[in-house]
Amino acid sequence: MKYTEVESCRVCGGNDFSDRLDLGEQPPANAFSMTPFEIPKLPLRLMQCGDCGLVQIGHVADCSELFSRYSFLTSSSSRMAAHFASLMQQATSRHVPYGGLVVEIGSNDGTALASITRRDVRKLGVDPAQNIAAVARERGIETRVEFFCEESAGAIIREHGQASLIVACNVLGHIHEVSSVIAGVDLLLTPGGAFVFEVPYVCEMVTNTEFDTIYHEHLSYFGIGPLARLLEKHGLRLSKIEPQDVHGGTIRCTATRNGNACDLSTWIQREREMDWSGFASRSNGIRHNLHEWLVDLADEGMTVCGYGAPAKGTVMLNYCGIGEDLLPFVVDSTPLKQSSRVPGTGQLILSPDAITGMPLDAILILAWNHAGEIAAKEPGRSFATPQQFE
Ligand code: TYD
Ligand code: ZN
């Protein structure tokens, strides 16, 4: 797999980086369809720009390979589906006039757009993953299979006119040419329109030791400081920042052209005070203690499995060196992932039905951001999440 080393910051162009965490060589975290031990590994290193403060990884893999087939369906989590439905309801009622257009960048299987109940609103999805866009189209959501950029914004305007609302959830961090995305948003948005987006918040990642959210598809780990700088270049200002209790600490941001900029100083102060050495030592703590715990369970002849095969599970298992000897298999509700194996560590992925009635001494929840939903599906089981091994 081809990759390039990052030489300048994608927000400010600076080249003065500090190293924050080295995760060694890792396979692409979502490469479930490939032969698990033959997957090439690439360096995975987190660093921070000394100028604008953007936290980013040091190596960018060829994204067409990473995104042309994607296996997570938003609809497979009822909690996330409900979260996006409420975002769409709120944002359409605030920002979309009668007959207005809503464009979702990274529309996945169309779950969020499909949840818009207003009949007068026109909907358009944009997503580069062909197999998943096909699912969206089947349910009647018009979807363009492409990476959103200035050029696609122009094409959308020619076909549909400008958009009153542009939504992008968990997208900005995935895109190398993020500046071109914001330029496209600027073009596509009506003068009074709103750009509503969600990103995992970098301070939460650091505070909660979520190092497993670092993988090759996540190029940038945003704070408000770098976001404001990126938006400003294209005449957009943050007018609202709302913390969300999903994905281990997400922020929902609203950017408009002429809205009052909200007070950013408390956010930026918190970003300046992030404790990186604590983050690195707690990450190493999890690596050591989780591994030890599984070794002890194996020594005692206990049975354990993983729950969820999210990308972050791939990072966790690879970083901690947990192979099939310590964790024999994992279960995941995504049909596209079942029967394949975890990249790099090789665990077979089974349907959750496989553990119905199976005695298990412990379940390690790799999809810890869905822990509540998962625990409710397996009453009476004993659960662990990686973060408790700090
Ligand atoms: P996701 O939260 O998207 O994590 P990442 O961005 O790190 O890939 O993925 C969650 C995974 O967990 C997904 O593969 C589906 C799986 N899952 C279950 O198997 N059962 C469940 O009840 C839920 C909510 C998720
Ligand atoms: Zn920078």
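In this chain, numbering begins with 1 at the start of the sequence shown. In each ligand, atom 1 is the first atom listed, and ligand 1 is the first ligand listed.
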Within a reach of under 6.0 Å around NE2 of H59, are more than 12 heavy atoms found that belong to other residues, nucleotides or ligands? yes
So for H370 against ligand 1, with non-hydrogen atoms under 4.0 Å, the contacting part is side chain
Per-atom filter on ligand 1: closer than 4.0 angstrom to a heavy atom of N369 are 2 (O)
Discussion item. Quick one about Q89 and S115 (side-chain donor to acceptor, distance below 3.5 Å, no hydrogens or angles considered), yes or no?
Written reply: no
Per-atom filter on ligand 1: closer than 4.0 angstrom to a heavy atom of K337 are 13 (C), 14 (O)
At under 4.0 Å between heavy atoms, what of D332 touches ligand 1? The answer is both
C9 SG to C49 SG via the Zn ion (ligand 2), rounded to 10°, gives 110°
If we number the atoms of ligand 1 from 1 as shown, the ones under 4.0 Å from a heavy atom of Y215 are 5 (P), 6 (O), 7 (O)
- Item | Other residues, nucleotides, ligands: >12 heavy atoms within 6.0 Å of E273 CD | yes
**OP:** Check the angle between the aromatic planes of H174 and H218 and answer parallel, tilted or perpendicular using the 30° and 60° thresholds.
**Re:** perpendicular
Q) Are any of the N or O atoms of N30 closer than 3.5 Å to those of ligand 1? A) no
Side chain to side chain contact (heavy atoms under 4.5 Å, CB included) test vs V60 passes for just one of K2, H176, H216, namely H176
>> Does this structure show an ion pair linking E292 with R287, if we count only N-O contacts that are shorter than 4.0 Å?
In response: no
For K377, the ligand 1 atoms with a heavy-atom partner under 4.0 Å come out as 20 (N), 21 (C), 22 (O)
Would you mind reporting whether W276 and V55 have side-chain heavy atoms less than 4.5 Å apart? yes
For T334, the ligand 1 atoms with a heavy-atom partner under 4.0 Å come out as 13 (C), 14 (O), 15 (C)
Note: ligand 1 atoms sitting under 4.0 Å from heavy atoms of I374 are 21 (C), 22 (O)
Short version for R79: what comes under 4.0 Å of ligand 1, heavy atoms counted, is neither
One finds that the ligand 1 atoms under 4.0 Å from a non-hydrogen atom of A367 are 12 (O)
Q) Is the count of non-hydrogen atoms from other residues, nucleotides or ligands lying under 6.0 Å from E151 atom CD greater than 12? A) no
- [ ] Kindly indicate whether the side chain of E177, heavy atoms from C-beta on, has any atom under 4.5 Å from the side chain of R10.
- [x] no
Any I116 side-chain heavy atom under 4.5 Å of K123 side chain:
yes
Honestly, for W368 the part within reach of ligand 1 (heavy atoms, under 4.0 Å) is neither
Report task. Could you say whether the N/O atoms of P352 and ligand 1 ever approach to under 3.5 Å? Result -> no
Near E373 (heavy-atom distance under 4.0 Å), the atoms of ligand 1 are 24 (C)
